[in-house]
Amino acid sequence: MEMAGKKKKLGDPATEAWAARAGGVPGMRREEERLGRAGVLLIVCLMTLPFLVFFFSGRTGAPAVWQSAAKLTAVGGGLPNQLSRSSATGASNAAAELFGGLLAPGSDRHACQSRHQSARYYKHSPYAPSPHLLRKLRDHEARHKKCAPGTPLYAKSTAQLRSGGRSSSTEAMECQYLVWLPYNGLGNRMLSLLSAFLYALLTDRVLLVRSTDDFAGLFCDPFPDAAATWLLPPDFPVPDANISRLGVYSDESYGNLLGSKKISNDPSKATLMPSYVYLHLAHDLRHTDRLFYCNDDQLVLAKVNWLLLQSDFYFVPALYDMAVFEDELRRLFPAKESVSHLLGRYLFHPSNSVWGMVKRYYHSYLAQAEERIGVQIRMFSWASIPVDDMYKQIMACSRQERILPEIEGDEMGNTTDTNNIVGNDKSKAILIASLHADYYERIKSAYYEHAAKGEGRVGVFQPSHEERQTEGQRSHNEKALAEIYLLSFSEVLITTGMSTFGYMSSSLAGLRPAMLLTANDHKVPETPCERAVSMEPCFHMTPGVKCQGKAVDKEALSRHVKACEDLPNGIKLFD
């Protein structure tokens, strides 16, 4: 259904100009009159085509929206287009477009369309940004403009870095930097980048992003000044080859610098600081690397002009355990579970190419529904179960949380009370996001073979099924990012526990999802899922280190940093 991006519409300026030119050519008006009725008929056919496809595609198959991967079925008839409803409520006005001031005005609307258009697609905005967060973001944008690559201050800072010499702890440059290094899959990258951005806000550092081939072109620059990019320039003084080798055993890592006594984590001692320090916060970090999460160590790191950070975690909850950040975090986020939601909507704006994929699919298949239900399914190799068992777990979760439309007797012979489902007369679109097609086929068949209770219509969709996660491939990441955003436009979500893909979708959506619990010993858990009590992602570890220096009030901290629903050994933010 890519014709949505190509066909000419009445009222379109290009179409009207074309018609005016055609009418002014001798001999064309008579031909235009003769073809007028045929033209009207053609327009009517084009306008009704999406509804015909939606109604009949459960029997005939659907055209692809991207890479022949789109799938569609419908039961009970077509769905009315709902997009105009959100526009009518004023979602496209300036205040809503910028998420209540979260985004700064003045950026190029054409260079990054998603920045100005995404607000009209989200169904929930549960938290407004605090005045202090807005001031902090504007300050960061001003600092970025002043210190970004291409500025005199950036040149001065890179000259110091290029010299490679150690500097006095009292010789901090006017601009300090945090360079984020991509690592692991797309969901991990987005969550670690979001964490790095918050850390940059707390430490008044300029955030720069090292972009690899599989990450390039996914996102717009988040900051409004088009000349001030967040991308690390190719002539950065630390060569790519050296950056690529950074890891847990690197001499430049903070943990190894401490272990070799090249620096001290006693903030009271004056010491020469290296030109840069590498922070290894990935899953294989060692005890000395964990000292990053200590208050006194943050006081030492504040003296380093360049920090290079690599992580595959959402480590925001651990920042709340440091007294140096305690007051600022409280002022930035009065509602603790709003951190990833607000910062995600501020920081991540899909590029025009990815946003085009999102819009084409949404308008072709999802916009017609009165309610959109997202189902994100991830099977981990260490907790795998048969497809049939996972399907049963999904349906059991749906019945427990009253999510999917009820069926007159499902494939397992189950029949439940129609009174348990609220609003069953609504037309619904069920979006399946999974590497595999099996779950889509089963759910589609359930609604195709059994009429849904009530008068509602049900559409079941799956944009792609890659069969396996492929790292290092841009096309794979583009489709994954498009599906994260399509899920985030849902009114209700089922996600897979411990999945960073699911975490990111629900954070952007502003929803507390029903999370499918992972299998124990490859067996379906007795409780199929739990409703998240916070939309915040889980930090899949705890700092687990004994720190020196000032500490926060542990009793107060325990009221909003608790064990995760899907991983008891992890921690997350609650209200």
Side-chain angles (χ1 to χ4, degrees), residues 1-2 5 62-72 114 118 180-194 209-220 231 240 244 282-283 310-314 344 347-362 364-366 374-382 384 387 390 431-441 461-490 495-496 498-508 537:
M1 298 276 302
E2 295 207 18
V65 169
W66 62 73
Q67 301 216 355
S68 302
K71 298 193 174 189
L72 169 67
S114 65
S118 61
W180 175 81
L181 310 177
Y183 183 59
N184 221 318
L186 180 63
N188 299 78
R189 292 183 181 193
M190 293 178 72
L191 290 172
S192 70
L193 179 51
L194 194 155
V209 168
R210 179 179 182 250
S211 185
T212 52
D213 289 341
D214 62 334
F215 197 73
L218 293 182
F219 299 100
C220 308
L231 297 179
D240 272 352
S244 298
H283 62 275
Q310 184 167 247
S311 172
D312 51 357
F313 285 129
Y314 179 74
L347 195 66
F348 297 125
H349 308 289
S351 65
N352 285 353
S353 59
V354 175
W355 186 241
M357 294 164 62
V358 173
K359 289 201 302 181
R360 283 194 298 274
Y361 198 91
Y362 183 89
S364 295
Y365 301 131
L366 306 178
V375 182
Q376 180 262 335
I377 307 160
R378 172 68 190 273
M379 183 75 76
F380 298 103
S381 59
W382 44 266
S384 61
V387 171
M390 176 58 94
L431 180 74
I432 309 296
S434 174
L435 290 171
H436 308 288
D438 305 88
Y439 311 108
Y440 160 79
E441 296 292 349
F461 312 87
Q462 181 174 8
S464 69
H465 52 91
E466 298 284 280
E467 300 305 324
R468 62 187 182 89
Q469 184 173 347
T470 306
E471 294 183 14
Q473 192 176 97
R474 186 188 304 176
S475 62
H476 179 89
N477 284 340
E478 286 176 340
K479 284 182 278 189
L481 180 59
E483 291 187 18
I484 285 174
Y485 273 85
L486 287 169
L487 285 169
S488 75
F489 300 153
S490 302
T495 63
T496 300
M498 297 182 61
S499 169
T500 55
F501 194 104
Y503 292 161
M504 200 65 244
S505 300
S506 53
S507 292
L508 288 170

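None of these values were measured; they are calculated from a predicted model. No hydrogens, no waters, no symmetry mates; every other heavy atom, side chains included, goes into these values.
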Using side-chain heavy atoms (C-beta onward) and a distance below 4.5 Å, is [X] in contact with [Y]?
| X | Y | result |
| --- | --- | --- |
| Phe461 | Leu366 | yes |
| Ser192 | Asp312 | no |
| Phe501 | Glu483 | yes |
| Phe348 | Leu481 | no |

Rounded distance (nearest 0.5 Å) linking atom [atom1] of [X] with atom [atom2] of [Y]:
| X | Y | atom1 | atom2 | result |
| --- | --- | --- | --- | --- |
| Arg474 | Phe215 | CZ | CZ | 11.5 Å |
| Ser506 | Ile484 | OG | CD1 | 10.5 Å |
| Leu193 | Leu186 | CG | CG | 10.5 Å |
| Phe489 | Tyr361 | CZ | OH | 14.0 Å |
| Met190 | Leu508 | CE | CG | 5.5 Å |
| Asp214 | Ser475 | CG | OG | 10.0 Å |

From CA spacing to verdict: side chain to side chain contact (heavy atoms under 4.5 Å, CB included), Arg189, Thr212: CA-CA 12 Å; Arg189 292 183 181 193; Thr212 52; 3.7 Å; yes
Does the Ser114 side chain pair with the main chain of Pro350, one donor and one acceptor, at a distance under 3.5 Å? yes
Could you tell me whether a side-chain N or O of Thr496 sits under 3.5 Å from a main-chain N or O of Arg378, the two making a donor and an acceptor? yes
State, to 0.1 Å, how close [X] and [Y] come at their nearest heavy-atom pair, and which atoms those are.
| X | Y | result |
| --- | --- | --- |
| Ala482 | Met357 | CB-CE, 4.2 Å |
| Tyr314 | Leu191 | CD1-O, 3.7 Å |
| Pro463 | Leu486 | CG-CD1, 4.1 Å |
| Ser505 | Ser488 | O-CB, 3.6 Å |
| Met498 | Phe380 | O-CZ, 3.7 Å |
| Ser311 | Phe313 | OG-N, 3.0 Å |

Once you measure the plane-to-plane angle for [X] and [Y], does it fall in the parallel (<30°), tilted (30-60°) or perpendicular (>60°) bin?
| X | Y | result |
| --- | --- | --- |
| Trp355 | Tyr485 | perpendicular |
| Tyr183 | His283 | parallel |
| Tyr439 | His436 | perpendicular |

Hey, are [Y] and [X] close enough side-chain-wise for a donor-acceptor pair under 3.5 Å?
| X | Y | value |
| --- | --- | --- |
| Gln462 | Ser434 | no |
| Ser499 | Gln376 | yes |
| Ser244 | Arg210 | yes |

Go through the steps for Leu435 and Met379 under the test side chain to side chain contact (heavy atoms under 4.5 Å, CB included), then give the verdict. CA-CA 9 Å; Leu435 290 171; Met379 183 75 76; over 6 Å; no
Please evaluate residues Tyr365 and Leu431 with respect to the criterion side chain to side chain contact (heavy atoms under 4.5 Å, CB included), reporting the C-alpha separation (whole Å), side-chain torsions for both, the decisive distance (0.1 Å), and the verdict. CA-CA 9 Å; Tyr365 301 131; Leu431 180 74; over 6 Å; no
